[in-house]
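All ligand and atom numbering here is 1-based and tracks the order in the structure. Each residue takes its place number in the sequence, starting with 1. This one's a predicted model, so the numbers in the text were calculated from it and none came from an experiment.
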Amino acid sequence: MLRPKAPLVSVPSVNPPPINFKIGVLDSGVGGLSVLREIHDLLPETPTLYFADQAHVPYGSRSADAIRGYVEAITCFLIAEGAGVIVIACHAASAASLHPLRQQFPTIPLVGIEPAVKPAAEATRSGVIGVLTTQATANGALYRRVLTQYADHVRVLTVVAPELVTMVEQGGAISVQDDAVLHRLIDPLVAAGADQLVLACTHFPFLAAGLRRVSDLPLVDPSAAVARQVARVLAPRDPAAGDVNRYFTSGDAATFRGALKRLIGEDAEVIRATL
Ligand code: DGL
């Protein structure tokens, strides 16, 4: 009878590290960097991949079908680059694509973002909250669901402000004219008695200083909660598998690199990627 020979070398039995352990983050442009900085603060050891779809920004004025197509292509790109978790750091993209993508990629944890109506509805004393957003988010079923679930007892004033996405992509609220735009959008909310302002677009936290110049409304931003959710779904990784954070844009790499430095203080190489 043949007996198997004893192995010459004994191989310790360890679980192989997961191959895809990076956090992939996507947005139409620079807005998702407001979520990325929270992820970097909470999970400084985990490498991230960021994709800015600046060839198609703004998403807010596009159809749900078009946005879904872009997000699907970016998700495939990020998985191919090593992402094991995908963060849709964009309200418009989450509204258009989170549910279909979960069916399409059942083994990849997908973390989306939804308008932070719940904390604002809990915190309001006047019973009136303002929501600053884009058209695609305001039109989406996700926003309707959030309103029905958390805000049936409060008055919600929705302000669609695509000009603020452009303002952030172009550098932020820096001029007197920018403040005039913010006043035009925010003053009616204050006049109507709003005492909370939900930032339902990931570009808008970068306008925090300008928004505070024009009113004293508390700003409600869900990005830290998104980072905590990423930490919950993240698979353990091999601590020796060191890697750097990487940045991609479908637009102009030099312009994005400047925004990266200005908005979150990162100075990194940016790769132009076409999908
Ligand atoms: N930052 C995105 C959001 O949260 C998209 C804005 C846009 O491209 O219109 O909705």
Side-chain angles (χ1 to χ4, degrees), residues 24-39 50-75 86-99 101 110-117 120 130-146 158-173 181 185 197-208 210-211 219-227 229-230 247-252 255-256 259-260 262-264 275:
V25 182
L26 67 93
D27 179 47
S28 61
V30 299
L33 295 174
S34 63
V35 176
L36 187 77
R37 71 179 164 189
E38 299 289 344
I39 294 172
Y50 184 88
F51 195 104
D53 192 10
Q54 292 178 303
H56 302 114
V57 68
Y59 278 2
S61 55
R62 296 183 185 273
S63 71
D65 277 353
I67 297 171
R68 203 174 300 135
Y70 302 140
V71 174
E72 183 186 320
I74 298 166
T75 298
I86 300 292
V87 184
I88 304 178
C90 171
H91 287 79
S94 295
S97 64
L98 191 56
H99 290 295
L101 277 185
L110 288 158
V111 178
I113 190 164
E114 66 178 33
V117 166
V131 178
L132 210 50
T133 190
T134 66
Q135 198 64 61
T137 299
N139 288 350
L142 181 62
Y143 187 46
R144 279 197 298 281
R145 182 180 61 66
V146 162
T158 305
V159 179
V160 169
E163 60 272 56
L164 299 188
V165 175
T166 312
M167 193 185 280
V168 174
E169 286 291 321
Q170 290 176 348
V181 172
L185 295 164
L197 184 60
V198 176
L199 305 183
C201 171
T202 54
H203 280 69
F204 299 168
F206 291 120
L207 296 173
L211 289 166
L219 308 177
V220 188
D221 168 15
S223 50
V226 173
Q229 179 59 12
V230 174
Y247 297 89
F248 305 90
T249 179
S250 56
D252 181 69
T255 308
F256 184 78
L260 189 59
R262 190 176 62 250
L263 296 174
I264 65 166
L275 296 167

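When all heavy atoms are compared, the tightest approach of Ala89 to Thr202 is O-OG1, 2.9 Å. Between His203 and Val168, the closest heavy-atom pair is O-CG2, 3.4 Å.
Residue pairs meeting the salt bridge (Lys or Arg N to Asp or Glu O under 4.0 Å) criterion with at least one member in residues 52-65, sequence neighbours excluded, are Asp65-Arg68.
With a 4.5 Å cut-off on side-chain heavy atoms, Thr137 and Leu142 do not count as touching.
The protein residues lying under 4.0 angstrom from ligand 1, judged by non-hydrogen atoms, are Asp27, Ser28, Val57, Pro58, Tyr59, Gly60, Cys90, His91, Ala92, Thr134, Val165, Cys201, Thr202, His203.
Among the candidates Leu33, Leu211, Asp221, the single residue satisfying the side chain to side chain contact (heavy atoms under 4.5 Å, CB included) test with Pro205 is Asp221.
Ring orientation note: the planes of Tyr247 and Phe256 are tilted relative to one another, at an angle of 30° to 60°.
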